[in-house]
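In what follows, a structure is listed as C-alpha cells, so that the remarks can point back to it.
Every chain is numbered from 1 and lettered A, B, ... according to where its sequence line falls, protein lines coming before strand lines.
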Protein chains: 2
Amino acid sequence: MEKQVVGVPEPTLRRLPLYYHYLKAVFEKGREHISCTHIGRDLDLDPVQIRKDLSFTGIRGLPKVGYQIEALLGAIEEFFGYNRVDEAFLVGVGNLGRALLGYEGFSRYGFKIVAAFDQNPDLVGSEIHQISVLPIEKFADLCRRMQIKIGVITVPEQQAQKVADIMVESGIKGIWNFAPVALKVPEEVVVENEIIASGLAVLTKKIQTSLRFNSKKQEVAK
Amino acid sequence: MEKQVVGVPEPTLRRLPLYYHYLKAVFEKGREHISCTHIGRDLDLDPVQIRKDLSFTGIRGLPKVGYQIEALLGAIEEFFGYNRVDEAFLVGVGNLGRALLGYEGFSRYGFKIVAAFDQNPDLVGSEIHQISVLPIEKFADLCRRMQIKIGVITVPEQQAQKVADIMVESGIKGIWNFAPVALKVPEEVVVENEIIASGLAVLTKKIQTSLRFNSKKQEVAK
DNA sequence: TAGATTGTTAATCGATTAACAATC
DNA sequence: TAGATTGTTAATCGATTAACAATC
C-alpha cells in the first residue's frame, strides 16, 4: 500500500551508500577520476546501472575520463545529509540495542543516537557506550523538548507496537524498526523495517538453490 | 550481474518471514483460519499480493474460509527449513558480532552460530553468550571438520575481503555480510549483504520527502 | 442461495538492460 | 584522429495491481 514519494528509486537509494564507501576508499588511495566500467568491475554491478544511479547525484561525468571522485563524494554526502547530524532515540537495550548504541560508524552517516530507553529498572540509570539509559516514561517529554524526529525500535516483537505508539504520540517522524512486525502508524510517519529474518531467509534459500544447481552441473559434467 | 535462481521472487522471500511471525501470533491466539483480506488489513499489504505470495507455499485456501493457519505455518517452516538447524561461524567479535552471538531469535529460524573468531588475542579464549571465541587461524581447519557451510562477517570493512577469502577457501557456501563492501567471491558462493547504511539512507530520505510533502499539504490547506 | 474469498489471466508499472549517438 | 566512455532513448523483464470467473 505504501507509496514511494522520493524521486529516486529505492534500489538506487540502497546502492548509493555502497558507491560512497567504495569511492571513499578509492579516493583515499589517491585516485581522482573513475569510470563506471571501473566501478562496475570492482562492485560487480552493471556499468549502465551505475551511470543511471550516479546521474541522480547531479554530477556529470566526462567521456573518456569518468567522474571526479571528490565531486561524487560531496554530492552523495549532500544528498543524504551526511554532514548534518540527525539525532535519534533508541528503545530496547537488549543485545541488538547495545550494538547499535556502540556502533561508531553512524557518525559517518550523520546519525547519532543521543539517548536510550528501557523498561528494565536494572538498566535504567546506566550508561552504555556513553549513552544514558532512561526509563521509557521519560520518552515523550524528552523527545518533544529535544525535538527528536527519529526513533529506533529494538524491543521484542510483542512490545514493538506499544513503543511505536509512544513514539508517534511524542512527535517522532521516522521509525527504524528492527522488530519483525508491521507497525501501525499514521501515514505521515515513515517506517523503515530492518528485518533480520528476511535477510537470513534469502541467504539460506539462495544457498539451497545454489547447492542444487551446482550439483546438477557436476552431474551433467560426468 | 547476479542472477536469482530461486523460483520464488526475492520480494516474496522477504515477506514470507513477516507472514510467518504474524500467523504464528494469530494462531497462538486460537484462530484457525484466516483470509488474505484480514492479513492485508493487519500487515498493510495488498490482499492480492498476499495471495500470490502464499501460493508459493503450496497451501491452497478455501473461498469464503481462507487459509488454514497451521498448514501455512508448517509450509513456511518447511520451505525455509526452520525445523532443521544450519550451523554457522561468525568472524568479528565487535558490537554487532556480539549482538548476533546473543540473539536468541535465530533458533526459530533454524540458524545457529556455533563458534566465533577474532584476531584480537584479548578476546580469543573467552566465551560470549556461551559461544567460544577462537583465533582466526583455526577457522579453516575447524570449518572443514565441522562441515560448516555458512559464514557471518561482522568485521570492519577493511578486513571483510580478507575474511571472505578465508571463508571461501575453507568451503563456506554462503556468506552473510554485514560490512559495507562488495565482496569478491567465486560465483558458486552466495553472498547476502546486510548493509545497515542502506536502511538508514532510505529512512532519512523518506523522512525528508515526507516532511516536505506534509508541509506542502499544510500550505495548500491554508 | 448470495456473497465473501479464492486462484488465474491480463494490464500496468517501474526498474534494469540494450542500443546508439555525442564527445572528450 | 580513434576509441573509451558518457548520457539518453527504447526494449525488456519482472513484480505488482486489476479484472474476473470459480466456488465454498
Side-chain angles (χ1 to χ4, degrees), chain A residues 1-16 18-19 23 26 31-69 71-72 75 182 193 198 201-202 205-206 209, chain B residues 1-16 18-19 23 26 31-69 71-72 75 182 193 198 201-202 205-206 209:
Chain A
M1 300 267 189
E2 180 187 325
K3 262 271 123 56
Q4 183 66 22
V5 216
V6 187
V8 182
E10 188 166 318
T12 298
L13 233 38
R14 292 193 173 272
R15 282 188 296 266
L16 280 171
L18 215 58
Y19 297 140
L23 292 170
V26 173
R31 220 194 153 85
E32 298 199 349
H33 293 268
I34 197 158
S35 73
C36 292
T37 328
H38 192 133
I39 302 178
R41 216 178 307 129
D42 285 348
L43 256 39
D44 199 27
L45 288 169
D46 187 65
V48 181
Q49 180 163 81
I50 298 173
R51 216 167 290 136
K52 191 83 174 259
D53 287 342
L54 294 184
S55 73
F56 289 103
T57 64
I59 302 297
R60 317 300 307 266
L62 287 180
K64 190 118 161 86
V65 179
Y67 299 80
Q68 201 201 335
I69 300 177
L72 280 179
N193 294 304
S198 294
V202 174
K205 261 299 157 193
K206 278 190 192 161
T209 354
Chain B
M1 300 267 187
E2 180 189 325
K3 261 273 121 59
Q4 183 66 22
V5 217
V6 186
V8 182
E10 188 167 317
T12 298
L13 233 38
R14 292 192 173 271
R15 282 188 295 267
L16 280 172
L18 215 58
Y19 298 140
L23 292 170
V26 173
R31 220 194 154 86
E32 298 200 349
H33 293 267
I34 198 160
S35 74
C36 292
T37 327
H38 192 135
I39 302 178
R41 217 178 306 130
D42 286 348
L43 257 40
D44 198 27
L45 287 169
D46 187 66
V48 180
Q49 179 165 80
I50 298 174
R51 216 167 289 138
K52 191 83 174 258
D53 287 341
L54 294 184
S55 74
F56 289 103
T57 65
I59 302 297
R60 318 300 308 263
L62 287 180
K64 190 119 162 82
V65 179
Y67 299 80
Q68 202 202 334
I69 300 177
L72 280 179
N193 295 304
S198 295
V202 174
K205 261 298 156 193
K206 278 189 191 162
T209 354

Contact summary for [X] and [Y], nearest pair of heavy atoms:
X	Y	value
B:Gly61	B:Tyr67	N-CE2, 3.5 Å
B:Ile69	B:Leu23	CG2-O, 3.6 Å
A:Ala75	A:Ile59	CB-CG1, 3.6 Å

Inset, instruction - Counting heavy atoms from C-beta on, name the nucleotide in C:dT16, D:dT5, C:dT6 closest to the side chain of B:Thr37. - result: C:dT6
Legend entry - Side chain of A:Val48 (C-beta onward), nearest among C:dA18, C:dT8, C:dA15: C:dA18
Integer-rounded Å distance: [N] [atom2] and [X] [atom1]:
X	N	atom1	atom2	value
B:Ile50	D:dT17	CD1	P	11 Å
A:Ile39	D:dT6	CD1	C1'	13 Å
A:Lys64	C:dT23	NZ	P	17 Å
A:Asp46	D:dC13	CG	C1'	14 Å
B:Leu62	C:dG3	CG	P	20 Å
B:Lys52	D:dA18	NZ	P	13 Å
A:Gln68	C:dC24	CD	P	16 Å
A:Asp53	C:dG14	CG	C1'	14 Å

Legend entry - Watson-Crick or G-U wobble partner of C:dA19, both distances under 3.5 Å: D:dT8
Inset, instruction - Scan every strand shown for a Watson-Crick or G-U wobble partner of C:dC24, both distances under 3.5 Å, and answer none if you come up empty. - result: D:dG3
Is [X] close enough to [N] that one of its side-chain N or O atoms is under 4.0 Å from OP1 or OP2 there?
X	N	answer
B:Arg51	C:dT6	yes
A:Arg15	C:dT16	yes
B:Tyr67	C:dG7	yes

Inset, instruction - Nearest-nucleotide wise, let me know which of A:Pro63 and A:Ser55 is further upstream toward the 5' end of DNA chain D. - result: A:Pro63
Legend entry - Any donor-acceptor N/O pair, B:Ser198 side chain to A:Arg14 backbone, under 3.5 Å: yes
Legend entry - B:Ile39 side, atom CD1; B:Gln49 side, atom CD - distance, nearest 0.5 Å: 12.0 Å
